[in-house]
Amino acid sequence: MSAIAIAKREVRAYFSSPTAYVVLLAWVYVTGLSFYLLMSFSASQDSVGGSDNPLTLFFGGTVLFWLPVLVFAPVMTMRLFAQERATGTLEPLLTAPVGEWAITTGKFLAAMFFWIALWIPSLFYVWIVTRYGSIDAGAVAASYLGIFGIGLFYMSWGMLMSALAPTQIVAAILCFLVHGLFFVAGIGQFVYQGEGREILSYVSVWTHMSDFARGIVDTRYLVFQVTMSALAFVLTTQVLAFRRLRG
Amino acid sequence: MSELQPKPTEEKQYEQEAAQAERRLHVWLGCMLLTLIVFQLNYLAFRHYERSDWTSDERFTLSERTVEELQALEQDVELILFLGESEELFPDVDELLQRYRSHSTRLHVRHVDPDREPTEARALAAQYGVAVGIGQAGENLAEVAMVIVSGDRTWKISRENLVAPATAEGETVIDVTTERALTGGIVQVLSGESTTICFASGRGELAPTGERAAYVMRQELERENMNIEDLPAVGLSEVPDSCNAVFVLGPQRAYAEAEAQALIDYVRTGGNVLLALDPVLERDAVAPTGFEGPLADFGILLDPSIVFEMDFSNVLGQSPADLFRVSVEEHPLTDAVRRRGGGVAVSGSRSVRIEEGSSAVALLTTSEQGFAELDIAGLTMDADLSAGPEDVAGPVSVAVAKESATVGEEPGARAGRIVVIGDLQWLDPGLLMEPQLANFDLMMSSVGWLTQRDALISIPPRTSAASSMSMSQEDVSSVALRLFVVLPLLILLLGAYVYWTRRQ
């Protein structure tokens with residue numbers, strides 16, 4: 001229950017401030033631009049069906065998806081713990097009769113809530129596509145499953161970086177570095193051969209999303225996203241435990 | 001002595017620090033253990049995975065036939081992919097191989113890009129007898145796309161085997177060409193036996209090559225590693241032992257009765273024959289084929305008729321005799337065809353009936369409204385199309401199958417098999433590749449049943465539900481308005497509402 005209370009407090013604080021709407025507006029403009037470009041491209045083609053429809057391309061088929069995600073994910077998670085520390089509210093929180101698990105769960109739920117809120121406007125894009133052609137409901141569902149999985153991964157690692165970093169800026173930079181590292185490692189699959197290529201493809205979030213967007217749900221990607229999120233989640237609780245020990 | 005003892009506060013502090021250090025150590029060990037578990041889980045997931053296809057048209061789902069083949073693998077099979085990553089085919093083949101691997105741990109994929117790893121590629125190419133040359137852009141290129149290896153057996157797949165023929169504009173067909181080639185290749189390296197199909201020639205039949213070529217059938221037979229041989233029908237007295245089955249596809253001139261009898265005798269002695277005998281018109285009558293007598297003795301009646309389908313929901317062409325769908329009846333040969341559904345289309349067919357008391361089984365029949373017209377001369381443009389008293393009333397069978405009695409008593413003795421179809425157009429490439437019809441499945445099932453090989457790579461073409469986008473420039477502008485004005489406005493309104501309610 002205390003985790004839910006913390007999550008509510010986080011969400012309320014965030015959505016009561018203009019920051020949430022500025023971020024949402026910026027997000028809608030950036031993703032809207034990439035969707036518009038893909039729709040214009042589709043309109044110029046004779047026939048775009050199957051895996052080449054604008055939704056498949058939008059949900060991870062191109063770099064246009066990753067540019068905003070890589071920038072916005074750190075922005076969303078940097079404040080989770082780093083802001084508490086900057087405002088001096090972290091110490092009271094850690095001395096309160098609330099366990100580290102509850103704090104971490106609450107913060108994580110809040111981050112996931114905002115991540116999901118970011119993607120709600122994309123349902124509008126799905127509706128737009130249905131007006132000019134058909135959509136594959138299964139592929140769209142798989143795309144959202146992929147987005148949820150990527151959200152788990154990005155939010156949990158962002159939260160860990162925020163718990164480790166002394167300031168929000170450092171948290172954002174560390175988070176960007178981690179996400180960027182996995183992203184670049186994924187690109188490495190085009191450089192290396194053999195087993196190395198397969199391993200890099202396994203950790204490549206781009207590969208994950210491009211498969212999800214086509215309607216392929218691969219257990220490897222789900223295991224990677226869930227276990228890596230669990231790892232970051234547990235590490236965050238341990239960071240908090242350390243801080244509590246240190247007093 | 002009292003000076004040597006630590007002060008109580010120091011002792012307490014020391015104990016606290018020790019406890020903290022111990023707890024830190026536990027945390028560190030816990031984190032390391034968890035990291036190890038996560039790595040282990042990911043390693044397992046990396047090795048054993050499943051890919052489920054959520055698309056409505058199951059475009060990323062392997063055919064039942066391929067899955068069966070992969071799950072039945074009892075020995076290791078290695079697929080050596082020689083395609084360069086810059087080649088257009090590579091992404092699709094790579095994706096398909098991932099699907100294959102998810103069904104069997106016996107399947108190992110090794111990719112060597114001849115352009116990026118020339119030394120390794122040349123070494124492997126030399127090992128498997130593959131030439132590596134220079135492409136148009138100066139890149140290293142292997143002559144084949146893939147080599148499938150199991151034990152000392154190998155099978156090569158060329159690039160041409162992986163590319164589907166061009167489809168009509170706007171047609172959305174899921175390409176299964178690569179899957180056919182791959183599964184076929186795996187079957188090749190695992191099955192030791194080869195089968196020979198003899199195509200009868202000399203009476204204007206459809207041949208594997210040439211002007212009247214059954215090229216789709218030839219391609220599929222080659223994919224099955226079946227040898228194709230020519231069997232001159234003129235003067236035929238005995239079918240050579242090298243033939244596992246004889247195909248007589250649409251002879252334009254009649255066989256001599258002795259030649260036809262030789263083929264039926266071949267069936268009686270354990271041979272297998274496919275007869276596709278469409279009606280050939282000569283002087284307002286259906287010309288005899290030479291098979292009428294020998295087939296009648298075998299319990300199958302070949303009528304000099306033309307079949308009309310009067311249930312217009314089955315008519316696909318311009319007239320009731322032109323192109324129509326027939327029902328597929330129950331028989332071991334038609335199991336896969338019936339499972340697939342869609343029916344089989346024939347055109348300008350004759351009726352093939354079963355003599356009373358014969359063990360032959362009808363495979364394809366018209367509806368009850370269909371009939372077979374025997375009085376061809378009486379057919380005029382303005383004639384009333386209806387079954388006369390002499391005609392064959394519906395449902396009319398247009399294809400039958402029969403098994404002869406087993407010859408010999410030694411183990412492995414086989415009964416001969418014959419399939420007689422009163423039509424040739426069902427083998428038209430357009431009908432075979434039509435995803436809505438099961439003509440392709442009937443062809444593969446017939447080949448499988450006649451060659452007495454149950455496992456054939458019957459991977460039919462499938463349609464995609466994906467439709468194309470249709471947008472004008474005005475539509476694009478309207479999308480821009482919605483994306484950049486309407487949606488942001490909604491978010492601003494939401495923000496204003498939250499701000500207003502909080503102020504209240």
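Order of the sequence lines sets the chain letters (A, B, ...), proteins ahead of strands, with each chain counted from 1. Only this structure's heavy atoms are used, side chains among them; waters, hydrogens and symmetry mates stay out. Worth saying up front: this structure is predicted, and the values here are computed from it rather than measured.
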Worksheet item: How long is the gap from CG on A:Leu235 to CG on B:Leu34, to the nearest 0.5 Å?
Response: 6.5 Å
Practice prompt. Measure the shortest side-chain to side-chain distance between B:Asp94 and A:Arg197 over non-hydrogen atoms and say whether it is less than 4.5 angstrom.
Written response: yes
Worksheet, complete the sentence: If you tally heavy-atom pairs under 4.5 Å between each of B:Asn42, B:Asp475, B:Thr55 and chain A, the highest tally belongs to B:Asn42
Practice prompt. Heavy-atom distances under 4.5 Å only: say whether A:Tyr221 touches chain B with side chain, backbone, both or neither.
Written response: side chain
Item to complete: For residues B:Arg23 and A:Ala241, report the shortest heavy-atom separation together with the two atoms involved.
Response: NH2-CB, 4.4 Å
Worksheet, complete the sentence: Residues A:Arg214 and B:Phe60: closest non-hydrogen pair is O-CE1, 3.1 Å
Item to complete: Could you check A:Leu222, A:Thr219, A:Val217 and say which one makes a side-chain contact (heavy atoms from CB on, under 4.5 Å) with B:Glu50?
Response: A:Thr219
Worksheet entry | B:Leu44, part contacting chain A, at a heavy-atom distance under 4.5 Å | neither
Fill in: A:Trp127 atom CH2, over 12 foreign heavy atoms within 6.0 Å
yes
Discussion item. Show every ring pair (Phe, Tyr, Trp, His ring centres under 6.0 Å) that has at least one partner inside residues 36-56 of chain B, sequence neighbours left out.
Written reply: A:Tyr202-B:Phe46
Response to the item:
side-chain contact (heavy atoms from CB on, under 4.5 Å) with A:Glu198: of B:His111, B:Arg101, B:Gln98, only one passes, and it is B:Arg101
Worksheet item: Salt bridge between B:Arg51 and A:Asp211, side-chain N to carboxylate O under 4.0 Å?
Response: yes
Item to complete: Please round to the nearest 0.5 Å and tell me the distance separating atom CZ of A:Phe35 and atom CG of B:Leu487.
Response: 11.0 Å
Worksheet item: So which part of B:Arg24 gets closer than 4.5 Å to some heavy atom of chain A, the side chain, the backbone, both or neither?
Response: both
Worksheet entry | Other residues, nucleotides, ligands: >12 heavy atoms within 6.0 Å of B:Glu474 CD | no
Fill in: Spacing of OG belonging to B:Ser102 relative to CG belonging to A:Asp218, to within rounding of 0.5 Å
7.5 Å
Worksheet item: Can you check whether B:Leu492 reaches A:Tyr21 side chain to side chain, under 4.5 Å on heavy atoms?
Response: no
Fill in: Per-residue contact mode, A:Ala137 against chain B (heavy atom under 4.5 angstrom)
neither
Worksheet item: Is the closest side-chain heavy-atom distance between A:Arg131 and B:Arg482 below 4.5 Å?
Response: yes
Worksheet item: Side chain, backbone, both or neither: which part of B:Ser478 has a heavy atom under 4.5 Å from chain A?
Response: side chain
Worksheet item: For chain B, which of A:Val223, A:Ile216, A:Thr227 has the most heavy-atom pairs under 4.5 Å?
Response: A:Ile216
Worksheet entry | Heavy-atom side-chain proximity of B:Leu483 to A:Tyr29 below 4.5 angstrom | no
Worksheet item: Is the A:Tyr36-B:Phe484 ring centre distance short of 6.0 angstrom?
Response: yes
Worksheet item: So, does A:Asp136 use its side chain to make a donor-acceptor pair with the main chain of B:Ser56 at under 3.5 Å?
Response: yes
Worksheet item: Taking side chain as C-beta onward, heavy atoms only, is A:Val234 less than 4.5 Å from B:Cys31?
Response: no
Worksheet, complete the sentence: Scanning both residues in full, the closest heavy-atom pair of B:Val498 with A:Ser16 reads CG1-CA, 4.4 Å
Check: residues 155-164 of chain A side-chain donor-acceptor pairs under 3.5 Å, at least two apart:
unit_1   : atom_1 : unit_2   : atom_2 : d
A:Ser156 : OG     : A:Leu152 : O      : 2.7
A:Ser156 : OG     : A:Phe153 : O      : 3.0
A:Trp157 : NE1    : A:Met228 : O      : 3.1
A:Ser162 : OG     : A:Thr77  : O      : 3.4
A:Ser162 : OG     : A:Met78  : O      : 2.8
A:Ser162 : OG     : A:Phe81  : N      : 2.9
A:Ser162 : OG     : A:Ala82  : N      : 3.0

